[in-house]
Amino acid sequence: MEIINILLSGGIGSRLWPLSRKSCPKQYLTLFEGKSLFELTVERNQALTNRTLVVGNQSTKHLSKQIFDSKGMDQVSFVTETEPRNTAAAICLACLGLNPTDIVLVCPSDHMIGDEKAYLQAVSKAYQLACKGFIVTIGVQPNYPETGYGYIQYKGNDVLSFREKPTLETASHFIESGDYLWNAGIFCFQVGVFLSELETYEPEILHASKEAWNKQIDHIIPAAYMKQIPSKSVDYAVMEKSRRLQVVAAEMAWSDLGSFDAMWDYQDRMVSKDEVANSNFVISQTKKHVEIIGVDNLIVVETEDTILVVPRYQSQAVKEVYERLAIEKSTLVD
């Protein structure tokens, strides 16, 4: 296989504040036996791809370079966004610097994948379909009714519909039916096919991205031109509309680790029930000892400058705290 890995690293991970900051978003946090999600993604794709193209922001570019340098990887290039404009623009900008016949594997850099053999098999199947002119998305066989993920209704390799974050009752129905996959946000396609579909369904994104790309200096896109690109996810822009879409089902452990609740759940599924120490989840970045008595289902995160305490079922609300602090221009988000 000859594949170029487009690695998306522009996310902030606001639901994992105060661990995740602008200067070190969640994909660069070394929480996994001394490695980050970004590094694990690079390692996972290293045997699959010929070179890597990272799309991200200027403030974290050095973090990516450190990881590539430590692995002696030199087939790496960067597209630097000076303003975040969501995944459709990020993928489009990456593709504009490639050849139309190039096949790319587009991956988030902040997901955890537990079964690499199953992942490699899924990418191989996706590559074969991409060679035939399809845009391919990799879905994950769900093993519990998660309400925080999007779902793909499918039959064979055909995508029947996309369903956004469902209620628990609806998610349970999805699992029972066996007709749905978790939407992992991993894609494989020929560059020219994707740009053609973007031209059909979201021409404004394509044209504004081309104008921005034409103004790039050393693959850094000026902010004035980035701001002109409509902000839309690639799912809404292309995937949910395209008639050239196919899906490959992967049976692998997977999590987007998008909240502390997701991190807690992932930890519990990685150990036996007997090893789960208690009904609270504590992450400490200092040497302080933390004890919790008389309460259950609390998430406690302690850093050098911040202590966060939140009930597990409200962990998604951490994003609201981050956004408020960002508006206040607090140094606590930097």
Give the C-alpha distance, both sets of side-chain angles, the deciding distance and a yes or no for side chain to side chain donor-acceptor pair (under 3.5 Å) between Asn50 and Gln75. CA-CA 7 Å; Asn50 305 90; Gln75 295 298 308; over 6 Å; no

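- Other residues, nucleotides and ligands place no more than 12 heavy atoms under 6.0 Å from the CD atom of Glu204.
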Side chain to side chain contact (heavy atoms under 4.5 Å, CB included) between Val333 and Tyr322, worked out: CA-CA 7 Å; Val333 302; Tyr322 178 95; 3.7 Å; yes

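- Ser259 OG to Arg15 CZ: the interatomic distance, rounded to the nearest 0.5 Å, is 7.5 Å.
- The shortest side-chain heavy-atom distance between Asn157 and Leu129 falls under the 4.5 Å cut-off.
- Closest heavy-atom contact between Asp256 and Lys26: O-NZ, 2.7 Å.
- Around the OH atom of Tyr201, the shell of radius 6.0 Å holds more than 12 heavy atoms that belong to other residues, nucleotides or ligands.
- The neighbour count for Glu169 CD, taken as heavy atoms of other residues, nucleotides or ligands under 6.0 Å away, does not exceed 12.
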With side chain to side chain donor-acceptor pair (under 3.5 Å) as the criterion, how do Glu302 and Thr286 come out once you've worked through the C-alpha distance, each side chain's angles and the decisive distance to 0.1 Å? CA-CA 7 Å; Glu302 191 260 345; Thr286 73; 2.6 Å; yes

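- Between the side chains of Gln316 and Asp261, no donor-acceptor pair of N or O atoms lies under 3.5 Å.
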Test salt bridge (Lys or Arg N to Asp or Glu O under 4.0 Å) on Lys165 and Glu146; report intermediate values, then the result. CA-CA 8 Å; Lys165 300 174 182 178; Glu146 171 61 56; over 6 Å; no

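- Using a cut-off of 4.0 Å between Lys/Arg side-chain N and Asp/Glu carboxylate O, Arg51 and Asp74 are scored as not salt-bridged.
- In this structure, Trp182 and Tyr144 have perpendicular ring planes: the angle between them is above 60°, well past the 30° mark.
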Can you check side chain to side chain donor-acceptor pair (under 3.5 Å) on Tyr151 and Asp179, steps first, answer last? CA-CA 10 Å; Tyr151 286 73; Asp179 297 333; over 6 Å; no

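- Here the CZ atom belonging to Phe194 is positioned 8.5 Å from the CD1 atom belonging to Ile6, to the nearest 0.5 angstrom.
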Test side chain to side chain donor-acceptor pair (under 3.5 Å) on Thr49 and Asn5; report intermediate values, then the result. CA-CA 6 Å; Thr49 57; Asn5 185 197; 4.7 Å; no

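- Residues satisfying the side-chain contact (heavy atoms from CB on, under 4.5 Å) test with Thr60, not counting sequence neighbours, are Pro25, Tyr28, Asn57, Leu63.
- Distance alone, capped at 3.5 Å, is enough to place a donor-acceptor pair between the Arg85 side chain and the Ile229 backbone.
- Side-chain N/O atoms of His207 and Glu199 include a donor and acceptor closer than 3.5 Å.
- Taking a cutoff of 4.0 Å between a charged side-chain nitrogen and a carboxylate oxygen, Glu320 and Arg324 do not qualify as a salt bridge.
- The distance from the CG atom of Leu53 to the NE2 atom of His219 is 8.0 Å, given to the nearest 0.5 Å.
- Hydrophobic clustering keeps Phe38 apart from Ile4 (ILVMFWY residues linked when any side-chain heavy atoms are closer than 4.5 Å, directly or through intermediates).
- The backbone N or O of Leu168 lies less than 3.5 Å from a partner atom in the side chain of Ser172, making a donor-acceptor pair.
- Using a 4.5 Å heavy-atom cutoff, the side chains of Leu257 and Phe32 are in contact.
- A single hydrophobic cluster is seen to contain both Val295 and Ile307, as judged by linkage of ILVMFWY side chains at heavy-atom distances under 4.5 Å, directly or through other members.
- Linking ILVMFWY residues whenever their side-chain heavy atoms come closer than 4.5 Å, directly or via other members, places Ile91 and Leu198 in the same cluster.
- Considering all non-hydrogen atoms of both residues, Asn280 and Asp296 come closest at OD1-C, 3.3 Å.
- Under the 4.5 Å side-chain heavy-atom criterion for ILVMFWY residues, no single connected hydrophobic cluster contains both Phe134 and Phe189.
- For the pair Asn86 (side chain) and Ala88 (backbone), a donor-acceptor distance under 3.5 Å is absent.
- Annotation: side chain of Val42 is in contact with side chain of Leu7 (closest heavy-atom distance under 4.5 Å).
- A 6.0 Å sphere centred on NZ of Lys71 holds more than 12 heavy atoms belonging to other residues, nucleotides or ligands.
- Following chains of ILVMFWY side-chain contacts shorter than 4.5 Å, one cannot reach Val159 starting from Tyr236, and the two form parts of different hydrophobic clusters.
- Summarising the geometry of Ser64 relative to Val54, their closest heavy-atom pair is OG-CG1, 4.2 Å, with the distance given to 0.1 Å.
- No side-chain donor-acceptor contact under 3.5 Å links Gln285 and Thr303.
- Across every non-hydrogen atom of Cys107 and Leu105, the tightest pair is SG-CG, 3.7 Å.
- The closest donor-acceptor contact from the side chain of Trp254 to the backbone of Asp115 lies at 3.5 Å or more, if one exists at all.
- Within the 4.5 Å cutoff, side-chain heavy atoms of Val79 are placed close to those of Trp213.
- Between Val300 and Leu308, every side-chain heavy-atom pair lies at or beyond the 4.5 Å cut-off.
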Extract all donor-acceptor atom pairs below 3.5 Å that involve side chains of residues 93-103 and protein atoms in other chains or at least two apart in sequence.
from, atom 1, to, atom 2, distance (Å)
Asp102, OD2, Asn99, N, 2.9

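- Defined by atom type and a distance below 3.5 Å, a donor-acceptor pair is present between the side-chain atoms of Tyr149 and Ser255.
- The shortest side-chain heavy-atom distance between Val318 and Ser14 does not fall under the 4.5 Å cut-off.
- For Arg312 and Ser315, the side-chain atoms include no donor-acceptor pair closer than 3.5 Å.
- Between Pro108 and Ile186 the shortest side-chain heavy-atom distance falls below 4.5 Å.
- No side-chain heavy atom of Asn45 sits less than 4.5 Å from a side-chain heavy atom of Thr52.
- For the pair Arg163 and Phe174, the cation-pi test (distance below 6.0 Å, angle within 45°) is failed.
- Taken to the nearest 0.5 Å, the CD1 atom of Ile135 stands 11.0 Å off from the CD atom of Gln246.
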Apply side chain to side chain contact (heavy atoms under 4.5 Å, CB included) to residues His111 and Leu37 and explain how you reach the verdict. CA-CA 6 Å; His111 291 186; Leu37 293 172; over 6 Å; no

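- Pairs engaging residues 229-253 under the salt bridge (charged side-chain N to carboxylate O under 4.0 Å, His left out) rule: Glu202-Lys232, Glu202-Lys241 [sequence neighbours left out].
- The number of heavy-atom neighbours closer than 6.0 Å to NZ of Lys61, taken from other residues, nucleotides and ligands shown, is above 12.
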